[in-house]
Amino acid sequence: MNAIGRFLKDVFKNRAMLLFVLPATVWFLFFSYLPMLGTIVAFKQYRFSKDGFLASIINSEWVGFDNFKFLFATKDAYIITRNTLLYNMVFIVFGLIIAVGFAIILSQIVNKRLAKLYQTGMFMPYFLSWVIVGYFTFTFLSMDRGMLNQILNFFGLESIQWYSEAKYWPLILVLVNFWKIIGYNSVVYLAAIMGIDKSLYEAAMIDGANKWQQIRRITIPMLMPLMTILTLLAIGRIFYADFGLFYQVPRDSGTLYSVTNVIDTYVYRGLKVTGEIGMTTAAGLYQSLVGFILVITSNYIVRRFNKDNALF
Amino acid sequence: MFKRKKSRDFHELTPAWNLIFNLTAGIFAFICVFPFLFVTIISFTDEKTLARNGYDLFPEKWSIEGYRYVFQTGDTLLRAYGVTVFITVVGTLISLIFISLFAYAISRKSFKFRNFFSFFAFFTMLFNGGLVPTYIVSTQLLGLKDSIWALILPMAVNAFYIMIMRTFYSTMVPDAIIESGKMDGAGELRIFTKLVLPLSLPGLATIALFSTLGYWNDWFNALLYIDDPNLVPLQSMLMRIETSMQFIMQNSQNSSLSTGLLQNMPQDTARMAMVVLATGPIILAYPFFQRYFVQGLTIGAVKE
């Protein structure tokens, strides 16, 4: 009784702060925690019931791991996992190198106004939605009107049906994604470079270090914690693809699925197009679980080397 | 006016490298802006010229027909604009209130349950139920299908923003200020609104901008939850035009009906004009608010 009494007393004492957290807590319950419980659908043969949410879930029949078995028996499971992982690996590795590269370049440019102008330009794509980016890509790739085919024709080459030739799409998607996010990432690193203590560079100059040595010995090591944290975050999300990139830019073109289908688009189509609720939920849970394990492990590994660089 | 004498010091790059760096960054920046310019040019091109020459950087004949079309049949566009503005304003307000209150509470060391609630929010960054259960909860339990709230609520709270805001409070708002408020007998809500909020305006501005951008650019929730044409936001409208165009094109071989339909669809220039009108506000506004983004990003990168 005493423990409960003490708890109630604490609740009463903290009532103001509890009221403060209430709205967002209710939100988290409905939009995060209830869906987490809802993943039991992955182990059921989902049947929609008119009596509402609980009735649907309770009345659906248990099927154990059948949904997972079906999922991994399909070729799709392999394709979506491979696509999601490979694209994200390219995004993480090259994205990091290019973004840090541009951040250093911007920080070194002598005319600061020009540097600011470049930064503003690079940052722009980040503010556009994938729908707009889809339109942009179309102006280049359209079969009869697009700029790329015009260029090909100019050199006497045949037009290419870009939206049905799968082999070009890995490159296109990587380029479009870099186009959209590199500016944003560079700005993050640039902000970190600006925050580096200037006296470090002065000391290095007195010791006779040149610009390149300064970049290698000061700038990059000082960026290391941020690079680790952002890469960790990205690795934790390596099982999540950017739905917009893979859905809007290829215009949901069926002939391209072998190289554009990722876990997120697969789940979306399962839900809205084919309606295989159980198997789709299974795919979603597979994504969440592996993602969860990946964050925990990568964080654990980083923690063992350097506690400051870990996320938690 | 004195002309400042430029002396190159050790700090600076050699002119050759400076040129290379300028070129690299300049070219990439141009590539980033170019598609928008290109679409703008297309939107001002004459439709027949377009049919003959394709998308061209230097069209033979200019025209404002695309824009005229959009404004004449402006109902859908105007309505979509209205929906987008509404969800952006209401959504951003709700986000700000929910996030700032929650983040403030878990930044207070005197709050007994702060660790529990911090973890409660943080855990959602690590694990989630996925799309299908979220969809089932939203449609069957909350009844969000074809409701304007389906465009607002799913994006209202975000654990990441809460973490940014918490860091902001704990670094920018000194405990002494809160204590002094308590001494004067102010209640928690009063302390928060009168003492804490004014100090945290830059943080709030950052969250507000992230949130505004998120709502303005959202099409995913509309794709999931909205079928009612009256509730379609801007981005989603652009997307729907595209899809129905493709559908008609694909089925236009042997049906005379579709040619009629196709004539009623906005032509290329009109669609590009809509793209320009949908992106215009953001492109014009973002150079002014980009520094708040940068600020937010740097705060977010600092962990507690």
Side-chain angles (χ1 to χ4, degrees), chain A residues 10 14 16-17 20-21 23-24 27-28 30-32 34-36 38-39 41 52-53 56 102 105-106 108-110 114 118 120-125 127-129 131-132 135-136 139 144-147 150 179 183 187-188 191 205 211 226 243 267-268 271 277 280-281 284-285 287-288 292 295, chain B residues 10 12-13 18 21-22 24-26 28-29 32-33 35 38-39 42 50 54-55 98-99 101-102 104-105 108 111-113 117 120-121 124 126-137 140-142 154 156-157 188 213 217 219-220 235 238-239 275 279 282 286-287 290 294 297-298 301:
Chain A
D10 278 337
N14 291 285
M17 287 303 121
F20 277 29
V21 296
W27 186 92
F28 278 124
F30 278 115
F31 287 97
S32 296
L34 216 51
M36 284 183 207
T39 49
V41 169
F53 168 70
S56 303
F102 271 118
I105 287 177
L106 285 175
Q108 297 294 333
I109 283 175
V110 178
L114 273 180
Y118 301 148
T120 306
M122 286 179 196
F123 205 1
M124 194 201 80
F127 292 86
L128 305 176
S129 80
V131 176
I132 304 287
Y135 270 91
F136 284 179
T139 61
D144 48 352
R145 296 185 171 184
M147 188 183 243
Q150 286 182 43
W179 176 83
V187 169
V188 178
M205 271 185 317
K211 213 73 234 186
L226 184 60
F243 180 80
V267 170
Y268 169 77
L271 173 68
I277 301 291
T280 309
T281 315
L285 185 57
Q287 180 182 43
S288 302
F292 180 69
V295 197
Chain B
F10 216 44
E12 291 182 352
L13 288 172
N18 190 35
F21 278 14
N22 268 288
T24 323
F28 183 60
C32 285
V33 186
F38 193 34
V39 163
I42 297 171
L50 216 54
Y55 301 137
F98 282 25
I99 290 172
L101 285 175
F102 192 97
Y104 173 65
R108 286 285 300 274
F111 180 34
K112 175 101 182 168
F113 305 105
F117 282 102
F120 188 74
T124 62
L126 302 180
F127 188 78
N128 67 71
L131 183 66
V132 182
T134 312
Y135 181 82
I136 295 175
V137 171
Q140 289 206 45
L141 186 65
L142 303 174
V157 180
E188 291 288 359
L213 188 71
N217 278 343
W219 45 271
F220 186 62
Q235 308 290 336
L238 285 171
M239 196 185 140
V275 172
T279 22
I282 286 199
Y286 101 87
Q290 71 164 313
V294 178
L297 298 174
T298 17

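Throughout, protein chains are lettered first and strands after them, A, B, ... in sequence-line order, and every chain is numbered starting at 1. Just the heavy atoms: all of them, side chains too, but no hydrogens, waters or symmetry mates, feed the values below. Just so you know, these numbers come straight off a predicted model, no measurement behind them.
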Top contributor to chain B interface from A:Leu106, A:Leu34, A:Thr120 [non-hydrogen pairs under 4.5 Å]: A:Thr120
Distance flag, aromatic centroids of A:Phe123 and A:Phe127, threshold under 6.0 Å: yes
Heavy-atom side-chain contact between B:Leu213 and B:Tyr286 under 4.5 Å: no
Residues B:Asn22 and B:Asn18: side-chain donor-acceptor under 3.5 angstrom: yes
Under 4.5 Å from any heavy atom of chain A - which part of B:Phe117: side chain
Mutual orientation of the aromatic rings belonging to A:Phe28 and B:Phe120 [parallel < 30°, tilted 30-60°, perpendicular > 60°]: perpendicular
Side chain, backbone, both or neither of B:Val39 within contact of chain A (heavy atoms, under 4.5 Å): side chain
Most contacts with chain A, counted as non-hydrogen pairs under 4.5 angstrom, among B:Pro133, B:Gly54, B:Cys32: B:Cys32
Residues B:Tyr55, A:Arg145; criterion side chain to side chain contact (heavy atoms under 4.5 Å, CB included); working and verdict: CA-CA 5 Å; B:Tyr55 301 137; A:Arg145 296 185 171 184; 3.8 Å; yes
Contact origin within A:Phe102 toward chain B - heavy atom pairs under 4.5 Å: side chain
Toward chain A, the part of B:Ile282 with a non-hydrogen atom under 4.5 Å: side chain
Stepwise side chain to side chain contact (heavy atoms under 4.5 Å, CB included) test for A:Tyr118 and A:Ile105: CA-CA 11 Å; A:Tyr118 301 148; A:Ile105 287 177; over 6 Å; no
Contacting moiety of B:Ile42, where chain A heavy atoms sit under 4.5 Å: side chain
B:Ile136, part contacting chain A, at a heavy-atom distance under 4.5 Å: both
Which portion of B:Tyr135 sits near chain A, non-hydrogen atoms under 4.5 angstrom: side chain
Candidate pair B:Arg108 and A:Phe20, rule side chain to side chain contact (heavy atoms under 4.5 Å, CB included), full reasoning: CA-CA 11 Å; B:Arg108 286 285 300 274; A:Phe20 277 29; over 6 Å; no
Residue B:Phe113 versus chain A: region with a heavy atom under 4.5 Å: side chain
When A:Thr281, A:Val41, A:Ile109, A:Thr39 are compared by non-hydrogen pairs under 4.5 Å with chain B, the top option: A:Ile109
Audit row: A:Phe31, B:Leu142, side chain to side chain contact (heavy atoms under 4.5 Å, CB included) steps and yes/no: CA-CA 10 Å; A:Phe31 287 97; B:Leu142 303 174; 3.8 Å; yes
Approximate separation, where rounding is to 0.5 Å, of B:Lys112 NZ and A:Asp10 CG: 4.0 Å
Closest heavy-atom pair and its distance - A:Trp179, B:Pro35: CZ2-CG, 3.7 Å
Sidechain-backbone polar pair: A:Ser288 side chain, B:Gly129 backbone, donor-acceptor under 3.5 Å: no
Chain B contacts, top residue of A:Gly183, A:Gly146, A:Gly121, A:Pro35 (heavy-atom pairs, under 4.5 Å): A:Pro35
Contacting region of A:Trp27 [heavy-atom separation from chain B under 4.5 Å]: side chain
Residue B:Leu50 versus chain A: region with a heavy atom under 4.5 Å: both
Residue A:Leu128 versus chain B: region with a heavy atom under 4.5 Å: both
Best-contacting candidate, B:Leu131, B:Leu101, B:Val157, B:Thr24, against chain A by heavy atom pairs under 4.5 angstrom: B:Val157
Aromatic ring proximity A:Phe243/A:Tyr268, centre distance under 6.0 Å: yes
Top of B:Val33, B:Thr279, B:Leu126 for chain A proximity - count of heavy-atom pairs under 4.5 angstrom: B:Leu126
Heavy-atom pair count under 4.5 Å with chain A, highest-scoring of B:Ala121, B:Gly26, B:Pro287: B:Gly26
Segment of A:Gln150 engaging chain B (4.5 angstrom heavy-atom cut-off): side chain
Heavy-atom pairs under 4.5 Å with chain A, option from B:Phe98, B:Trp219, B:Phe220 with the top count: B:Trp219
